[in-house]
Student: 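Submitted below is the structure of interest, expressed as structure tokens.
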Amino acid sequence: MTGRDDKQLIQELITDIPDFPKPGVVFKDITPLLASPAGLRAAVSELVALAPERIDVVVGMEARGFILAAPVALELGAGFVPVRKPGKLPGNLYSEQFALEYGHETLTVKTDAVLPGARVLVVDDVLATGGTVGATAALVHRLGADLVHVAVLMELSFLPGRAKLAELGIGYSAVVTV
């Protein structure tokens, strides 16, 4: 299964959970997608297809970004670097605070996680407000790496993520847009 069939399967396996994590928010749950071997395979294949050539490192954000970024890195023959919430990584860290659709958060990365000049692909599950991707991009730049592209499983078109990334000059692509 490839292309249109993969995208259709992915869309069918993403479910809506109303009023989570707070009233008025419709959470896009990828748990059924991840539980399906065909769904997970389709998601990884589609994300790999969005990657530019010569990626050295794939960066994934806590927590659902990890699930997708690590197998994408393997398929691309690249390393994987986690970007985590505070208190989860040892050693010297860079941190970046950002606004979420429903609050604020901080992300961290080890200061030696990526070599300067490395070609980085950022992979995440959802592009919503652009805050998580924007903060991760800032961390990648602080590491001295080259953020080549951002690939997300789904873009929430009703939120301002696209405009935020355009404002930041970050190129991205999404497997599906809802």
Side-chain angles (χ1 to χ4, degrees), residues 1-3 6-7 10 14 28 30-31 33-98 100 105-155 161 164-165 168-176:
M1 198 183 307
T2 59
D6 278 354
K7 289 181 182 180
I10 290 165
I14 296 171
K28 297 294 186 181
I30 65 168
T31 305
L33 174 74
L34 299 174
S36 163
L40 180 57
R41 186 177 310 109
V44 170
S45 294
E46 289 292 323
L47 288 164
V48 167
L50 298 177
E53 292 183 14
R54 298 182 299 115
I55 296 299
D56 299 313
V57 176
V58 176
V59 170
M61 299 82 103
E62 189 163 339
R64 296 182 305 170
F66 290 176
I67 297 166
L68 297 170
V72 167
L74 284 174
E75 287 295 316
L76 293 174
F80 167 73
V81 170
V83 170
R84 309 243 14 219
K85 293 178 181 171
K88 303 289 185 174
L89 290 171
N92 295 325
L93 306 172
Y94 291 128
S95 66
E96 192 73 28
Q97 187 177 40
F98 63 99
L100 287 169
E105 187 59 79
T106 300
L107 291 177
T108 64
V109 67
K110 292 182 67 102
T111 58
D112 61 354
V114 178
L115 294 174
R119 292 176 51 85
V120 174
L121 170 68
V122 170
V123 171
D124 204 6
D125 64 325
V126 176
L127 174 62
T129 65
T132 304
V133 171
T136 302
L139 291 170
V140 168
H141 290 127
R142 286 176 73 186
L143 291 165
D146 181 16
L147 175 57
V148 177
H149 195 67
V150 172
V152 296
L153 181 64
M154 82 182 112
E155 176 188 3
K164 172 75 170 181
L165 296 191
L168 296 172
I170 297 171
Y172 83 97
S173 49
V175 173
V176 297

Student: Quick one: closest heavy-atom pair of Ile10 and Gly39, and the distance?
Tutor: CG1-O, 4.5 Å
Student: Kindly indicate whether the side chain of Glu155, heavy atoms from C-beta on, has any atom under 4.5 Å from the side chain of Ser173.
Tutor: no
Student: Give, for atom CG of Leu93 and atom CG of Leu139, the distance between the pair rounded to the nearest 0.5 Å.
Tutor: 10.0 Å
Student: Quickly, which of Val58, Val57, Asp56 forms a side chain to side chain contact (heavy atoms under 4.5 Å, CB included) with Leu121? Name it, please.
Tutor: Val58
Student: Is the shortest heavy-atom distance from the side chain of Leu47 to the side chain of Val175 under 4.5 Å?
Tutor: yes
Student: Kindly determine whether Asp112 and Asn92 satisfy side chain to side chain contact (heavy atoms under 4.5 Å, CB included), including the steps that lead there.
Tutor: CA-CA 8 Å; Asp112 61 354; Asn92 295 325; over 6 Å; no
Student: Might you point out which heavy atoms bring Pro86 and Thr108 nearest each other, and give the distance in Å?
Tutor: CA-CG2, 4.2 Å
Student: Any side-chain heavy atom of Ile30 sitting closer than 4.5 Å to one from Met154?
Tutor: yes
Student: Using the rule given for side chain to side chain contact (heavy atoms under 4.5 Å, CB included), can you reason through Leu107 versus Thr136, listing the C-alpha separation, both sets of side-chain angles and the distance that settles it, and then say yes or no?
Tutor: CA-CA 7 Å; Leu107 291 177; Thr136 302; 3.5 Å; yes
Student: Measure across Ala135 and Phe98 and return the closest heavy-atom pair with its distance rounded to 0.1 Å.
Tutor: CB-CD2, 3.5 Å
Student: Considering only heavy atoms from C-beta outward, does the side chain of Met61 approach that of Val122 to under 4.5 Å?
Tutor: yes
Student: Calculate, to the nearest 0.5 Å, the distance between atoms CG and CD1 belonging to Leu127 and Ile170 respectively.
Tutor: 9.5 Å
Student: Answer yes or no: is there a side-chain heavy-atom contact under 4.5 Å between Tyr172 and Val133?
Tutor: no
Student: Between Leu50 and Val152, what is the shortest heavy-atom contact and its length?
Tutor: CD1-O, 4.4 Å
Student: Looking at every non-hydrogen atom in both residues, tell me the closest pair between Pro82 and Val109 and how far apart they are.
Tutor: O-CG2, 4.0 Å
Student: Going from CG on Leu40 to CD1 on Ile67, what distance comes out if it is rounded to the nearest 0.5 angstrom?
Tutor: 9.0 Å
Student: Side chains of Lys164 and Thr129: closer than 4.5 Å at any heavy-atom pair?
Tutor: no
Student: A side-chain contact here means heavy atoms from C-beta on lying under 4.5 Å apart; do Val81 and Leu143 qualify?
Tutor: no
Student: When you compare the side chain of Asp124 with that of Val150, does any pair of heavy atoms fall below 4.5 Å?
Tutor: no
Student: I'd like to know if the side chain of Arg142 and the backbone of Ser95 have a donor-acceptor N/O pair within less than 3.5 Å.
Tutor: yes
Student: Look up atom CZ in Arg41 and atom CD in Glu75, then write down how far apart they are to the nearest 0.5 Å.
Tutor: 10.5 Å
Student: Exactly one of Leu74, Ile55, Val72 should register a side chain to side chain contact (heavy atoms under 4.5 Å, CB included) with Val48. Which one does?
Tutor: Val72
Student: What is the distance from atom CG of Asp125 to atom OG1 of Thr132, rounded to the nearest 0.5 Å?
Tutor: 8.5 Å
Student: Please check if the side chain of Arg119 supplies one atom and the backbone of Glu53 the other of a donor-acceptor pair under 3.5 Å.
Tutor: yes
Student: Distance-only, no hydrogens or angles: does the Glu62 side chain make a donor-acceptor pair with backbone N or O of Lys85 under 3.5 Å?
Tutor: yes
Student: Which heavy-atom pair separates Gly130 from Leu165 by the least distance, and what is that distance?
Tutor: O-CD2, 4.2 Å
